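Naming: A, B, ... by sequence-line order, numbering from 1 per chain. Since the structure is predicted, the reported quantities are computational estimates derived from the model, not experimental observations.
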2 protein chains.
Amino acid sequence: MEIAANNPSLKSWVEVPENSDFPIQNLPFGIFKTNQLTARVGSRIGDMVIDLKSLFVLGYFTNLPFEMKDFDSQTLNSLMKKGKKGTRDLRNRLSKLLEIGHTDLKINEHHVDQVFIPVDQVEMLLPVEIGDYTDFYSSREHATNVGTMFRDPNNALLPNWLWIPVGYHGRSSSVIVSGVDIHRPKGQIRPIATEDPILSASQRVDFELEMGFITYDGKPLGDSISTEESEDFIFGMCLFNDWSARDIQTWEYVPLGPFLAKNFASSMSPWIVTLDALEPFRIEGPKQEPEVLSYLKFEGKKSYDIQLEVALKPELVEETTICKSNFKYMYWNMSQQLAHHTINGCNIRCGDLMGSGTISGPTPDSYGSMLELSWKGEKPLTLKDGTERKFVKDNDTVIMRGHAEKDNVRVGFGEVRSKLLPAKN
Amino acid sequence: MEIAANNPSLKSWVEVPENSDFPIQNLPFGIFKTNQLTARVGSRIGDMVIDLKSLFVLGYFTNLPFEMKDFDSQTLNSLMKKGKKGTRDLRNRLSKLLEIGHTDLKINEHHVDQVFIPVDQVEMLLPVEIGDYTDFYSSREHATNVGTMFRDPNNALLPNWLWIPVGYHGRSSSVIVSGVDIHRPKGQIRPIATEDPILSASQRVDFELEMGFITYDGKPLGDSISTEESEDFIFGMCLFNDWSARDIQTWEYVPLGPFLAKNFASSMSPWIVTLDALEPFRIEGPKQEPEVLSYLKFEGKKSYDIQLEVALKPELVEETTICKSNFKYMYWNMSQQLAHHTINGCNIRCGDLMGSGTISGPTPDSYGSMLELSWKGEKPLTLKDGTERKFVKDNDTVIMRGHAEKDNVRVGFGEVRSKLLPAKN
C-alpha cells in the first residue's frame, strides 16, 4: 500500500525542528483545548498544534465525509466512526495542505494565524472515549522474566503462552492522559506470606512500558475478524503506561487475574499516530514456533520497528533513562491479537483500547518494568542523582517516549508522563 | 429508611395479576420501544409498561429534576445522572400516580390510553450504556465447589478468598439484553492435556446464575467509597447470566484470568429494580470469619433475600427447573464489593455493571452453574423430556428468574432468557 502522505521526501512549509516526532509524515490525531478554545480535534506538525475544527469551518475539508460535530468534540470517536477510508482521506488532505509548494492555506495569513497554535499553549486531553480496554501479554521476554522470577526458570512460559496471545480485560474508567498525576494506591497486601494481609499503601508501585492501539467499529457480536482484515479495524497507536502495584497483584491475582493492582490508573500519550503513518516502519516479527493455529496465521510484515524508552525523574532532579526497548520485540502482533480477541464472536467497538502488554527486549537494559529492571528488587537501579530504585518512589515522574525512524524520517509519539504522588490519607 | 412507595399495604388502581413480579411496590426502570414508539424510558406495573416519556410530556413529573432527554433516551444513563435523590423522587411520584384513590392520571382516559402499553406489545432493550463491567466471585459455596473440583478438596478456597471480595474486569461490549440469542463460541481448547490445543466450537458452554447492580456516578479517580456510603452509589439490580465456555476457560485462564471464555456474551434482564424497592427484603448475611479488614466492615443488614431459579428449555419442549438459589447466600455483599473496588482509588461511573459472581447455595440443587450441577459433567442432569445435560446444548434456552417476597408483597425481576444457537461456521 502506498500512502502519498508517507513519502519520505515530503517537506512542509511549516517549520519542523530537527528530531521532531511530528514531521509532515506523521500528522497524528488528538484532542486539545486552550484558554480561548473549547476541546476539539487537532493534529500536530513540529511544535504546532493544528486546529482541525477551524480548518473544517474554513472550508479546507470539502468533499470529505465529515461534519462539524466530528471536529467539535471532546473525543476522536465521532471522527473514527468514519472508518479507515474517512480518516485516511482526512490525513492525506491535511498532508496536501501542509506540503511545500501547496499554497491554499499558506497564503492566507488570517487562516494560518487561526489554525496553528504553539504546542506550549494547549492542553492535551484524553483523546478517546474508551469503550472496553483489553490488555495483552505479548512480549515473550517479559513473560519469560516473570515466569523465571515467580515460577520455574526452566519452565518460565506457561503451557498456553506460545499458542494464545494471552489477554485480559482492564478498566476503561481509570485510563488517563499524559500529564495527569496519580496517587500511590492503597490496597490489601500480605508482606509476610505466613501472616494475615493488611490494608496499606502499595510498597511496590511499578510502570509497564506498553503501546496501545485504538479500534474502529468492528463487526456485530458473533462475528470474527481475521488477521487479513484486522488492519481495517485499527485506527492508530499510542504509548501506554500500565501502572501496576506488584504487592497488591501478588495477593489478589489468583485465580481471576489482576484487578486492583492495575485499575487505579493507566496513562496514555495524547497523540494517536495512525497505522497509516507507521506503514513505512513495518518489519518481520519474531519467528513463531510452534506453528500457530490457522486463525492466527498471517501474511506479510505485521511488526513495527518503534524505538521505546523509559526515563525516571525524581522531584527537582534530572531524569535518568532506565530502559530502551522496541515494539518489534512483541511475539504476538496486533493482527493476531484482534483475530484472537474476536474468534469467539466477541465484538469490538469504535474507541476500544488494546494494550500490548509490557514490552521487554532480550537484554536487561531493555526490560519494560521496574519489576524486571530491578529483578523484583534484588538489583536496585542507580539514578543519575545517586539514589537507588527498586520500584517507583513518591514524587517520581515516569516518562515513556517512542519513535520510528527510516530514510531520515522520524515518526514519533511524543511522550506519556505521569507523576506518582504520595498515597492519600 | 422509610420509603412511602414500599408500603406493603399500598394498592394500585391498575390491575396487577396475582404473583406478578411488578406490583406498585416495585416500579422498576427499563428501556422499551414498540412498532409505533421510539426507544424510551419505561416502568412497569402488572402486565403494563408505563411510558415515562409520555408521563413527562403530559406534565406528571413537574417539580422533579428531569428533562425531556432523560426519558427520550435509548439508555437509563441520563436519568441515573440525577443520582439517588432524583430517581427516588421519580419512583415515589410514580407510585403516587398509580396509588388507589389517587385520580390525577386515572380519570384522564386519553392519558391512560397513551401511557399504558401491554407488555406483549413492547420490545425491551438493553437498559444501560455500560461503562465498565466488573464481575465478582462472591459466593463461598461456588468458590468452594470450583476449588474442590479443580484443586484441593481440603483447601478448596484460595488463601485470599476470605479476605478479598475477589473480582475481575469483564467485557461491556458483549452484554446483551434478555431475548437476544447467542451462538456457541469458538476458541482454543485442549481436549487432551498432553496434546496440542485445537480451534473448536466450545464443548462445555455453561451459564452462571448471577445478579448485577448498576451504579450512579462515583467519586473522582483517587478517592474511595466506604461501605457506609456505598448505597448512595447503587441504582438498582438485575438478573445476570454470565455465559461461560469452560473448556476455553481451562486452557486460557492462567495467569491473567478468564477472557474469551466469558466475553462472547453476558445476558441481563431488562428491568432494573431499584435498591429502594428491595429495601424491605434486607436480611443478615453469612457470618464473616476471619474478621474482615477495616475498610470492609459494615453496619446493618446488607444482604437481600431474593429467590432465584434457573430453568433449561430444550427446543419445542417444556422447561425444567434445574436450580433454586438465593441472593442471600452471597458471602460478600454489594457494599463490600464497592468499597473494595475503590479502595485503591479506582473510579466508578454512571452505568457501570457489577456482577455478583455465580450464586450457589449449600445444597446440590442450588448450584448456580452446569459445571457444579453436573459436577463437571460427571453427574448429568435429567430434564423433563428425558434427555440428559452435562452442559448447555445447541438450541437450549436458559431462563433465570428472581423475586423477593415478604408481607404478601412480591417484588421481582421478571426473567433473563437467551437461547444458545449452534456455532457459526
Max heavy-atom pair count under 4.5 Å with chain A, selected residue of [options]:
options	answer
B:Ser172, B:Pro185, B:Gly345, B:Gly187	B:Ser172
B:Thr342, B:Leu260, B:Ile198, B:Ile130	B:Leu260
B:Gly170, B:Ala265, B:Pro258, B:Ala261	B:Gly170
B:Asn263, B:Ile343, B:Ile348, B:Val180	B:Asn263
B:Asp196, B:Val146, B:Ile176, B:Ile182	B:Asp196
B:Asp135, B:Ile164, B:Leu221	B:Ile164

Can you say whether [X] sits under 4.5 Å from chain A via the side chain, the backbone, both, or neither, judging by heavy atoms?
X	value
B:Pro290	neither
B:Leu296	side chain
B:Asp352	side chain
B:Leu158	side chain
B:Arg184	neither
B:Lys186	both
B:Ser294	side chain
B:Val254	both
B:Leu293	side chain

Checking side-chain polar atoms at under 3.5 Å, does [X] have a donor or acceptor matched by the opposite partner on [Y]?
X	Y	answer
B:Gln336	B:Tyr295	no
B:Ser267	B:Trp243	yes
B:His341	B:Thr134	yes
A:Thr227	A:Ser335	no
B:Gln203	B:Asp247	no
B:Thr144	B:Glu141	no
B:Asp181	B:Ser418	no

Q: Please lay out, stage by stage, how B:Trp161 and B:Tyr331 fare under the test ring pair (Phe, Tyr, Trp, His ring centres under 6.0 Å).
A: CA-CA 10 Å; B:Trp161 202 93; B:Tyr331 187 84; 5.4 Å; yes
Most chain B-contacting option - heavy-atom pairs closer than 4.5 Å, from [options]:
options	answer
A:Ser174, A:Gly131, A:Gly222, A:Pro197	A:Pro197
A:Gln188, A:Glu129, A:Arg349	A:Gln188
A:Gly167, A:Ser224, A:Ala201	A:Gly167

Q | Region of A:Ser202 in contact with chain B, defined by heavy-atom distances below 4.5 Å | A | neither
Q. Hey, is CD on A:Gln288 packed in by over 12 heavy atoms from elsewhere, all under 6.0 Å?
A. yes
Q. Out of curiosity, A:Trp251 CH2 to A:Ile189 CD1, how far, rounded to the nearest 0.5 Å?
A.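 Here the rounded value is 11.5 Å.
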Q: Working to the nearest 0.5 Å, report the span between NE2 of A:His340 and CG of B:Leu199.
A: 10.5 Å
Q.
Classify the ring geometry of A:Phe259 against B:His169: parallel below 30°, tilted from 30° to 60°, perpendicular beyond 60°.
A. tilted
